[in-house]
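In what follows, chains are A, B, ... by sequence order, proteins preceding strands, each numbered from 1.
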There are 2 protein chains.
Amino acid sequence: MSHHRSDVVEHALEVLDRHGLADLSMRRLAADLGVQPSALYWHFANKQALLAAVADEVLRRGRRPVTAGTWDEQVTAEARALRDAMLAYRDGAELVATALAFGLATEDPVARLVDLIGDIPAARVAATTIMHFVLGHVGDEQMNAQAASAGAIVDDPLTRADTFSTGLGIVVAGIAARRTADR
Amino acid sequence: MSHHRSDVVEHALEVLDRHGLADLSMRRLAADLGVQPSALYWHFANKQALLAAVADEVLRRGRRPVTAGTWDEQVTAEARALRDAMLAYRDGAELVATALAFGLATEDPVARLVDLIGDIPAARVAATTIMHFVLGHVGDEQMNAQAASAGAIVDDPLTRADTFSTGLGIVVAGIAARRTADR
DNA sequence: ACCTGAACACCGTTCAAGT
DNA sequence: ACCTGAACACCGTTCAAGT
């Protein structure tokens with residue numbers, strides 16, 4: 001029986017979550033779908049395009065409506081939603097980071113952050129700074145989680161949530177300083 | 001004739017700079033050295049260890065003595081030095097990011113930043129936030145540089161240096177707010 | 001519209017053996 | 001101390017052909 005693009009993405013998400021990004025190969029995914037590797041190339045031009053579609057789906061599923069509040073509350077909420085979206089799938093941060101870096105994602109979380117930060121000249125730089133922070137922090141979190149599950153280190157989720165808040169607070173405070181300076 | 005560990009790293013740096021991280025394979029590097037792929041495993045346990053050694057060398061070559069000045073001037077100078085170090089080699093940021101993420105690097109730029117930020121509870125989080133910013137920004141820069149050399153986009157080095165300064169200023173301002181709050 | 005079959009040009013890693 | 005030779009178990013991608 002035949003598959004859609006969306007079936008492939010759905011299956012890729014499962015392989016990702018169960019085995020990690022390193023094991024998400026075209027050949028393994030094809031085997032998982034009961035299909036030849038070459039069949040995937042009817043749906044996607046190449047592996048990067050497939051991964052971009054998967055990253056988009058991760059971001060789409062994590063999207064939250066904009067909350068009421070001041071700009072900094074909104075930016076903070078958006079950053080937390082992005083963190084949750086990426087934490088929901090194994091290696092989510094690395095996946096999203098590469099998709100964004102290659103410019104293949106259609107979801108654009110940076111654009112949403114730019115809107116929330118508001119009309120200052122540095123809005124774009126500020127938004128990508130937030131995004132870099134979130135990607136970097138969650139990337140570290142997921143690395144540590146993996147090391148911990150391998151028994152290499154002890155991992156405290158409470159501490160991780162705490163450092164995220166503190167780091168995010170630092171960046172948001174920096175943007176606040178910019179905003180008052182720029183008007 | 002026989003090689004040292006250091007010869008291998010040196011050669012890897014050349015392959016990296018000429019062909020990029022994606023083309024830096026054990027087999028290609030071995031061919032470049034005039035040696036069988038298996039020979040590399042006498043020098044390094046695996047590819048990750050080899051890449052960590054290369055990342056260490058990139059960081060080592062970019063290291064600068066601590067300058068005089070206030071803490072924020074020193075942190076800014078250190079962040080700029082890290083940027084320059086990674087910009088000096090093609091895909092330097094991605095290389096260093098993965099080495100640091102896997103915890104295999106012996107160079108520890110975050111520890112240096114912690115020292116410069118000083119004795120506040122959030123020093124470690126603040127330092128990794130700076131590091132995430134630098135890695136993310138330079139990673140984007142090197143992606144764009146590659147896209148530009150492929151003729152896909154126009155790339156203005158002046159703008160890139162400018163966004164780096166602005167973004168760094170935001171994070172440093174955020175840390176400054178923390179420092180005054182925490183004492 | 002969706003897939004097979006077969007091929008091409010690659011990977012990282014191990015291990016006994018050589019000098 | 002440093003390397004060869006050969007093998008193992010993989011990759012992504014292309015393309016003619018099938019239904």
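Summarising the geometry of B:Phe44 relative to B:Ala53, their closest heavy-atom pair is CE2-CB, 3.8 Å, with the distance given to 0.1 Å.
Taking atom C1' in both C:dA9 and D:dC10, one finds a spacing of 14 Å when rounded to whole Å. A distance of about 22 Å separates the P atoms of D:dC2 and C:dA17, rounded to the whole Å.
With sequence neighbours excluded, no residue forms a side-chain hydrogen bond (donor to acceptor under 3.5 Å, both in side chains) with A:Glu14. Every residue was checked against the ring pair (Phe, Tyr, Trp, His ring centres under 6.0 Å) condition with B:His132, not counting sequence neighbours, and none meets it.
Between the B:Asp7 side chain and the B:His4 main chain, a donor and an acceptor come within less than 3.5 Å of each other.
One interatomic measurement links the two molecules: CZ of B:Arg5 to P of D:dC3, which rounds to 14 Å at whole-angstrom precision. One atom, CG of A:Leu29, and another, C1' of D:dC11, lie 14 Å apart when rounded to the nearest Å. Nucleotide C:dG12 holds its P atom 12 Å from the CZ atom of B:Arg28, rounded to whole Å. One interatomic measurement links the two molecules: CD of B:Gln36 to C1' of D:dA6, which rounds to 10 Å at whole-angstrom precision. The interatomic distance linking B:Asp23 (CG) with C:dC10 (P) rounds to 10 Å, in whole Å.
Pairs of residues two or more places apart, or lying in two chains, that qualify as side chain to side chain donor-acceptor pair (under 3.5 Å) and include a residue from residues 147-162 of chain A are A:Glu141-A:Arg160, A:Asp155-A:Arg160, A:Asp156-A:Thr159. Among pairs with a residue in residues 102-128 of chain A, those fulfilling side chain to side chain donor-acceptor pair (under 3.5 Å) read A:Asp56-A:Thr106, A:Arg63-A:Glu107, A:Glu78-A:Arg112, at least two apart in sequence or across chains.
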Show me, pair by pair, the donor-acceptor contacts under 3.5 angstrom made by side chains of residues 35-43 of chain A, not counting sequence neighbours?
none

Tabulate below the donor-acceptor pairs under 3.5 Å that side-chain atoms of residues 85-102 of chain A make, not counting sequence neighbours, or state none.
unit_1: A:Tyr89; atom_1: OH; unit_2: A:Arg61; atom_2: NH1; d: 2.7
unit_1: A:Arg90; atom_1: NH2; unit_2: A:Arg18; atom_2: O; d: 2.6
unit_1: A:Asp91; atom_1: OD2; unit_2: A:Leu21; atom_2: N; d: 2.8
unit_1: A:Thr98; atom_1: OG1; unit_2: A:Glu94; atom_2: O; d: 3.3
unit_1: A:Thr98; atom_1: OG1; unit_2: A:Leu95; atom_2: O; d: 3.0

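For D:dC2, neither phosphate oxygen OP1 nor OP2 lies less than 4.0 angstrom from any side-chain nitrogen or oxygen of B:His43. Dashed line: the shortest gap from a side-chain N or O of B:His4 to OP1 or OP2 of D:dA1 is not under 4.0 Å.
As a member of the Ile/Leu/Val/Met/Phe/Trp/Tyr network built from side-chain separations under 4.5 Å, B:Val125 groups with nothing else and remains a singleton.
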Counting primed atoms, P, OP1 and OP2 as sugar-phosphate and everything else as base, the B/S/- map of nucleotides 13-19 of chain C against protein heavy atoms under 4.0 Å is BBB----
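Helical stems in DNA chain D, defined as runs of 3 or more consecutive Watson-Crick or G-U wobble pairs with both donor-acceptor distances under 3.5 Å, are listed by first residue as C:4-8 with D:12-16, C:12-16 with D:4-8.
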